[in-house]
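A, B, ... follow the sequence lines: proteins, then strands. Residue 1 opens every chain.
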Number of protein chains: 2
Amino acid sequence: MKLSTKSRYGVRAMFDMAYHAGSLPAQIKDISRRQNISPRYLEQIFQDLKKAGLLKSRRGPQGGYSLSRPAEEITVKEIVLAAEGELMLVNCVKGLRKDGEAPPSCEFDNQCLTQYIWAEGSRILGQYFDSISLKDLCDQGQELGLEKELDHRFMYFI
Amino acid sequence: MKLSTKSRYGVRAMFDMAYHAGSLPAQIKDISRRQNISPRYLEQIFQDLKKAGLLKSRRGPQGGYSLSRPAEEITVKEIVLAAEGELMLVNCVKGLRKDGEAPPSCEFDNQCLTQYIWAEGSRILGQYFDSISLKDLCDQGQELGLEKELDHRFMYFI
DNA sequence: ATTATTCTTGACAGGAACAGTAGAGATTTT
DNA sequence: AAAATCTCTACTGTTCCTGTCAAGAATAAT
């Protein structure tokens with residue numbers, strides 16, 4: 001019952017982007033360095049987040065990724081959902097999926113009492129994740145005095 | 001982020017025992033037949049549940065398993081915890097484990113904001129699972145009119 | 001135009017965990 | 001003594017996770 005690293009890395013990376021946001025797009029290499037995530041793996045994760053509409057990208061020099069919406073409008077739930085594919089504790093219950101794929105249904109139809117437990121647990125978890133936005137995390141980071149790294153692309157003149 | 005089948009089967013099996021409870025211990029073969037679970041696999045799961053103190057067993061003819069406590073005192077959380085080993089959404093956070101093994105700690109120490117999210121999510125989920133007892137499930141089964149199978153060991157005289 | 005930079009796409013692979021199978025043995029009732 | 005039942009340990013095939021890698025496409029700077 002573990003979240004995949006895609007979810008964990010995804011939330012960390014998105015927070016990192018929001019926290020260090022500047023006028024230019026953020027680049028994989030900077031995020032991966034600060035968050036200690038393999039750059040090649042982070043590329044994959046960002047593809048998922050982009051497909052989910054949470055990121056937009058720009059290629060070429062000075063390119064990179066940026067949040068497609070303000071930090072207060074992006075929740076942890078959206079990121080986990082995009083990275084995990086779905087937010088359902090079991091496979092045997094009908095639920096909304098990222099890819100619209102038909103989910104397997106319970107072999108006991110509605111005779112299985114436990115399906116209600118798993119479905120409700122998933123819902124409760126999703127509700128909690130949805131209550132936390134990237135901006136909330138940024139505020140928390142400020143309070144904790146988390147260091148903000150200056151964009152090296154603005155530091156040529158030092 | 002899926003619960004293992006051990007958890008799902010475990011809860012189903014424990015409910016089955018509570019729902020069909022008689023004066024004699026319940027046997028693997030009956031539970032596995034009613035719940036459509038591989039008997040050999042269910043043996044393994046029951047070993048975990050027994051180690052966690054949720055079941056007691058008796059060998060030999062007319063032997064089997066029985067709940068070690070009344071159904072209203074056994075919650076879904078206990079069963080999931082016993083089957084899953086722990087109830088924590090990530091590995092990077094300190095948490096209580098079944099085996100007391102030292103959990104890996106976060107590489108960012110307390111600098112990682114996301115660990116609070118995962119820990120709180122795990123807590124919320126555990127709290128929900130803890131609010132459901134086997135008796136609650138039995139009551140729900142009654143309301144739904146779920147059929148109770150008579151113990152074949154009492155049916156010789158028919 | 002050319003070049004360097006950055007994202008894009010798809011393939012591939014080692015390892016761990018999951019889900020189940022199997023066999024030999026221990027215990028208890030009949 | 002025999003049959004039923006749980007107990008313990010080991011084994012195995014499959015899937016998923018967690019990356020790595022390579023070649024290509026788009027863009028900005030020169």
Check your understanding: For A:Q44 and C:dC7, what is the distance between atoms CD and P respectively, to the nearest whole Å?
Key -> 15 Å
Review point. Looking only at side-chain N and O atoms, does B:T5 come under 4.0 Å of OP1 or OP2 in C:dA19?
Key: yes
Practice item. Ignoring backbone atoms, establish whether A:S57 has a side-chain N or O less than 4.0 Å from OP1 or OP2 of C:dT8. Key: yes
Exercise for review: Decide, yes or no, whether a salt bridge links A:D16 with A:R12 under the criterion of side-chain N to carboxylate O below 4.0 Å.
Suggested key: no
Exercise for review: Please determine if a side-chain N or O atom of A:R58 lies less than 4.0 Å away from the OP1 or OP2 oxygen of D:dA28.
Suggested key: yes
Practice item. Output the single nucleotide from C:dT30, C:dT8, D:dT7 whose closest atom is nearest the side chain of B:Q62. Key: C:dT30
Review point. Phosphate oxygens OP1/OP2 of D:dT20: is one of them under 4.0 Å from a side-chain N or O of A:S38?
Key: yes
Study note, to complete from the structure: Whole-Å distance, A:L55 CG to C:dT6 P, equals 17 Å
Point to revise | For atom CG of B:D48 and atom P of D:dC6, their distance in whole Å | key: 16 Å
Practice item. Check for a donor-acceptor pair, side chain of B:Q62 on one end and backbone N or O of B:L24 on the other, with a separation under 3.5 Å. Key: no
Study note, to complete from the structure: Of the candidates D:dA23, D:dT7, D:dA28, the side chain of B:R40 sits closest to D:dT7
Practice item. Please determine if a side-chain N or O atom of A:K6 lies less than 4.0 Å away from the OP1 or OP2 oxygen of D:dT18. Key: no
Check your understanding: NA contact type, A:F46, heavy-atom cut-off 4.0 Å: base, sugar-phosphate, or nothing?
Key -> nothing
Point to revise | 5′-ward residue of the pair A:S4/B:Q47 relative to DNA chain D | key: B:Q47
**Study point:** Distance test, side-chain N/O of B:Y41 to OP1/OP2 of D:dT12, below 4.0 Å
**Key:** no
Practice item. Report the distance from atom OH of B:Y9 to atom P of C:dC18, rounded to the nearest whole Å. Key: 14 Å
Revision key, fill the gap. Quick note, A:P61 side chain, CB onward, closest among C:dA4, C:dC7, D:dC6 is C:dA4
Check your understanding: Considering only side-chain heavy atoms of B:K50, which listed nucleotide, C:dT21, D:dT7, D:dT20, is closest?
Key -> D:dT7
Point to revise | Basic-acidic side-chain contact under 4.0 Å: B:E78, B:R69 | key: yes
Check your understanding: When the distance from OH of B:Y65 to C1' of D:dA4 is rounded to whole Å, what number comes out?
Key -> 13 Å
Check your understanding: Out of C:dC7, C:dT8, D:dT5, which has the shortest distance to the side chain of A:Q27?
Key -> C:dC7
Check your understanding: Can you tell me if A:Q115 uses its side chain to pair, donor with acceptor, with the backbone of A:C112 under 3.5 Å?
Key -> yes
Point to revise | Nearest-Å distance for atom pair NZ/P, residues A:K2 and C:dG15 | key: 22 Å
Exercise for review: Without swapping roles, check the side chain of A:Y19 against the backbone of A:L146 for a donor-acceptor pair under 3.5 Å.
Suggested key: yes
Exercise for review: Kindly give the heavy-atom pair with the smallest separation between B:Q27 and B:G64, and that separation in Å.
Suggested key: CG-CA, 4.3 Å
Review point. Nearest-Å distance, CD1 (A:I28) to C1' (D:dC21)?
Key: 15 Å
**Study point:** Spacing between B:N91 atom CG and C:dA16 atom P, to the nearest angstrom
**Key:** 14 Å
